[in-house]
Amino acid sequence: MSPMDTGITLNELVYSLVARIPSGRVMTYGQIAALCGSPRAARIVGGIAHFGSEELPWHRVVNKRGGLAGAFPGGRSAQAQLLEAEGVSVSAESIVGVDSLMWWPPESEEQL
DNA sequence: CGAGTGACCGCAA
DNA sequence: ATTGCGGCCACTC
């Protein structure tokens with residue numbers, strides 16, 4: 001199934017997913033891209049984030065290594081600060097136990 | 001409308 | 001273990 005079939009674009013789906021990430025939880029670019037139907041389109045997620053709405057919790061979006069985004073507005077420190085404020089432990093520039101904090105949306109939501 | 005860039009991921013050497 | 005390259009979609013010039 002492709003997002004295009006539903007008439008929704010990848011970026012729209014990314015917005016929905018990011019907006020639904022609960023506090024204290026994080027998602028990886030690859031994970032979001034995979035949910036969109038393009039596991040190799042992690043780059044697009046990053047690009048969308050750069051041009052996306054600032055209202056969305058992009059600070060909860062990190063890379064597979066648990067590392068923070070490089071061009072986050074304010075710097076990685078700002079993103080780390082936001083994550084720690086939500087109860088996420090951040091060591092240096094990587095999240096501690098990011099795999100445990102990996103959040104996954106309900107299967108029903110995948111059909112969006 | 002065409003080309004370039006991008007907050008990444010995964011594999012091969 | 002580290003380094004290098006390809007791939008995908010959307011946005012900007």
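Chain naming here is simple, since letters A, B, ... match the order of the sequence lines and numbering starts at 1 in each.
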Q: Identify, with sequence neighbours excluded, every residue that meets side chain to side chain contact (heavy atoms under 4.5 Å, CB included) alongside A:Glu93.
A: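 A:Arg76.
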
(Q) List the residues meeting side chain to side chain contact (heavy atoms under 4.5 Å, CB included) with A:Leu101, not counting sequence neighbours, and say none if there are none. (A)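 Only A:Arg25, A:Val26, A:Val88, A:Ile95 meet the side chain to side chain contact (heavy atoms under 4.5 Å, CB included) criterion with A:Leu101.
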
Q.
Test of understanding: clusters of I, L, V, M, F, W, Y form through side-chain heavy atoms closer than 4.5 Å, transitively. Do A:Val14 and A:Ile44 belong to the same one?
A.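 Linked within one cluster.
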
Q: Check DNA chain C against residues 90-99 of chain A and give the residues with a non-hydrogen atom under 4.0 Å, in numerical order.
A: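 Those residues: none at all.
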
Q: Within residues 38-55 of chain A, find the residues that approach DNA chain C with a heavy atom at under 4.0 Å, and present them sorted by residue number.
A: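 Heavy-atom cutoff 4.0 Å gives A:Ser38, A:Arg40, A:Arg43, A:Ile44, A:Phe51.
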
Reported [atom1]-to-[atom2] distance for the pair [X] and [Y], which is rounded to 0.5 angstrom:
X        : Y       : atom1 : atom2 : result
A:Leu68  : A:Leu83 : CG    : CG    : 6.0 Å
A:Asn11  : A:Cys36 : CG    : SG    : 9.0 Å
A:Met102 : A:Thr28 : CE    : OG1   : 4.0 Å
A:Trp104 : A:Leu35 : CH2   : CG    : 4.0 Å
A:Leu82  : A:Phe72 : CG    : CZ    : 5.5 Å
A:Tyr15  : A:Ile48 : OH    : CD1   : 6.5 Å

Enumerate the residue pairs fulfilling side chain to side chain donor-acceptor pair (under 3.5 Å) with a member in [range], sequence neighbours excluded, ordered by first and then second residue.
range                     : value
residues 31-48 of chain A : none
residues 63-73 of chain A : none
residues 46-60 of chain A : A:His59-A:Glu86, A:Arg60-A:Glu86

Q. Nucleotide range of DNA chain B contacted by chain A, 5' to 3', under 4.0 Å to a heavy atom?
A.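 First-to-last contact on DNA chain B, by the 4.0 Å heavy-atom rule, is B:dG6 to B:dG10.
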
Q | First-last contacting nucleotides on DNA chain C - partner chain A, under 4.0 angstrom, heavy atom | A |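 On DNA chain C, the outermost contacted nucleotides are C:dG7 to C:dT12.
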
